[in-house]
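Below: one structure, written as structure tokens.
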Amino acid sequence: MTADAGFSHRLLGWYDRSARVLPWRVPPGSDAVPDPYAVWMAEVMLQQTTVAAVAGYFERFMTRWPTVGDLAAAEDADVMAAWAGLGYYTRARNLLACARAVVADHGGAFPDSEAGLRALPGVGDYTAASVAAIAFGRAAVVVDANIERVVARHRLILTPLPAAKRAVKAALAPLVPAARPGDFAQAMMDLGATICIPRSPACGICPLLADCRARGRDDIDRIPAKAPKKAKPQRHGLAHWIERDGKLWLVRRPDKGMLGGMRALPGGEWTAEAPRESGIVSVDHSFTHFDLRLTLVRRKVSDAAAEGEWWPISDLDAAGLPTLYRKLTDKMLERVA
DNA sequence: AACCCGTGGGT
DNA sequence: TACCCAAGGGT
């Protein structure tokens, strides 16, 4: 057996014993055929998002829209509301755009090649490779943050990310087996998520320890190296509580920018300066690249903008507000109660 | 390449 | 607490 074959043999052997049970996964050894729609749905939801956060959303989406045709026919607002709370809302718009492209341009069947998948909205290098491997058995080279870490350590690639990604992909390519490329990719990700974790990896139980070039190093927590993070600026904003007959005035945010396309409370721009006006309640919310203090102020019905909708306060859950606004309205209603 | 884009859990 | 991090993509 070659060294490369030994790698995948040990990895897949471990996976056969230790694979995580996940709602979107076909267990190793099963005769079940993966549903490309389900694989794609899971991969998009999992972009920069934890397994625990995705599970419930995946189940709800698959129940409500069981096929790509069902999703393609859905109302935009329904899909955005169903995505609320999961974050990175561009994904939800691209999810719909992709479903509609599959129906309109591919007869309702996902392309079965990496290149064909890569051309779809919201499908980048990672997602194209993972769907090609997991759903269609293609020997694609799948590289996510887990696999970057596993390979960077195993091959002792010390170049900082993101520049190291090219070297990681080159090192991984000859290791991908023709026989079970989908299980290979999932096994690498499981290994990175459960054993070869960012801090204090469990090297003692790693199936790849024997020839790991980072074995025994005291700096393994810092492999792969990453560029230092920038400080987050603080911003402030106002949100308007406009109430009439038990209903709240909601608007839809522009498609581009923060919380794009989502329902929201109306309000002004978010700026570096704190507002002079004192509000009813405030929430602090941390985004990826800035922190926000959002303050709720009451406004008159005559201040409602031209575009918007009156939403029953008793059914605010169904509005699909992003977490920022959900926190604010929860706090407001808690105060009233 | 560098920056924008959410959220919640772990430490 | 404050920081790190996650099955990344678009621009």
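Order of the sequence lines fixes the chain letters, A, B, ..., with proteins taken first and strands second; residue numbering starts at 1 for each chain. All values below come from the heavy atoms of this structure, side chains included, with hydrogens, waters and symmetry mates left out.
Atom pair Arg253(A):CZ and dC4(B):C1' shows a separation of 14 Å (rounding to whole Å applied). The separation between Tyr89(A) atom OH and dT7(B) atom C1' is 7 Å, rounded to whole Å. Look at NZ on Lys232(A): it is 13 Å from P on dG6(B), rounded to the nearest Å. Whole-Å rounding puts the His289(A) NE2 to dC4(B) P distance at 5 Å. Here the P atom of nucleotide dG6(B) and the OH atom of Tyr57(A) are 13 Å apart, to the nearest Å. Following rounding to the nearest Å, Trp270(A) (CH2) and dG6(B) (C1') show an atom-to-atom distance of 11 Å. In this structure, Leu259(A) atom CG and dC4(B) atom C1' are separated by 12 Å, rounded to whole Å. In this structure, CZ of Phe290(A) is placed 10 Å from C1' of dG6(B), rounded to the nearest angstrom.
Under a 3.5 Å cut-off, the side chain of Arg253(A) and the backbone N or O of Met258(A) do form a donor-acceptor pair.
Side-chain contact check for Asn94(A) and Arg91(A): no donor-acceptor pair (N or O, by modelled atom type) lies under 3.5 Å. Gln47(A) and Tyr126(A) are not linked by any side-chain donor-acceptor pair at a separation below 3.5 angstrom, with hydrogens and angles left out of the test.
For dG6(B), the base has a donor-acceptor partner in the side chain of Thr49(A) [N/O atoms by modelled type, under 3.5 angstrom].
Side-chain rings of His285(A) and Phe287(A) approach one another, their centers coming within less than 6.0 Å.
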**Request:** Start with the C-alpha distance between Arg213(A) and Ile157(A), add both sets of side-chain angles, then the distance that settles side-chain contact (heavy atoms from CB on, under 4.5 Å), and finish with yes or no.
**Result:** CA-CA 9 Å; Arg213(A) 293 183 61 192; Ile157(A) 294 169; over 6 Å; no
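Nucleotides dA1(B) and dG8(C) are separated by 16 Å at their C1' atoms, to the nearest Å. When the P atom is used for both dC5(B) and dA7(C), the distance is 23 Å, rounded to whole Å. For the C1' atom pair drawn from dG10(C) and dG8(B), the interatomic distance equals 24 Å after rounding to whole Å.
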**Per-nucleotide pairing state of DNA chain C [Watson-Crick or G-U, under 3.5 Å; [ ] pseudoknot-crossing; | other strand]** = .|||||.||||
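At a threshold of 4.5 Å between non-hydrogen side-chain atoms, the residues Tyr15(A) and Leu191(A) do not count as touching.
On the nucleic acid side, DNA chain C has its first and last nucleotide under 4.0 Å of a heavy atom of chain A at dC4(C) to dG10(C), going 5' to 3'.
Distance from the side chain of Lys230(A) is smallest to dC3(B) among dC5(B), dC3(B), dT7(B).
No contact: Arg93(A) has no heavy atom under 4.0 Å from any strand. Residue-level contact check: Ser286(A) touches the bases, meaning some heavy atom is under 4.0 Å from a base atom. Here Leu292(A) lies out of heavy-atom contact (under 4.0 Å) with every strand.
One distance of note links CH2 of Trp241(A) with CG of Leu265(A); it measures 7.0 Å at 0.5 Å rounding.
If you find the closest nucleotide of DNA chain B to Ala52(A) and to Thr90(A), the one lying nearer the 5' end belongs to Thr90(A). The residue among Thr288(A) and Val123(A) whose nearest nucleotide of DNA chain C is located toward the 5' end is Thr288(A). Mapped onto DNA chain B by nearest heavy atom, Ala163(A) and Tyr88(A) fall at different nucleotides, with Ala163(A) at the one closer to the 5' end. With DNA chain C read from its 5' end, the first of the two nearest nucleotides for Lys256(A) and Val51(A) is the one closest to Val51(A).
Aromatic ring pairs are classed by plane angle as parallel below 30°, tilted from 30° to 60° and perpendicular above 60°; the pair Phe61(A) and Trp83(A) is perpendicular.
For Thr323(A) and dT7(B), the shortest distance from a side-chain N or O to OP1 or OP2 is below 4.0 Å.
As a member of the Ile/Leu/Val/Met/Phe/Trp/Tyr network built from side-chain separations under 4.5 Å, Ile223(A) groups with Leu156(A), Leu158(A).
A salt bridge is absent between Asp221(A) and Arg199(A): the closest approach of a Lys/Arg side-chain nitrogen to an acidic carboxylate oxygen does not fall below 4.0 angstrom.
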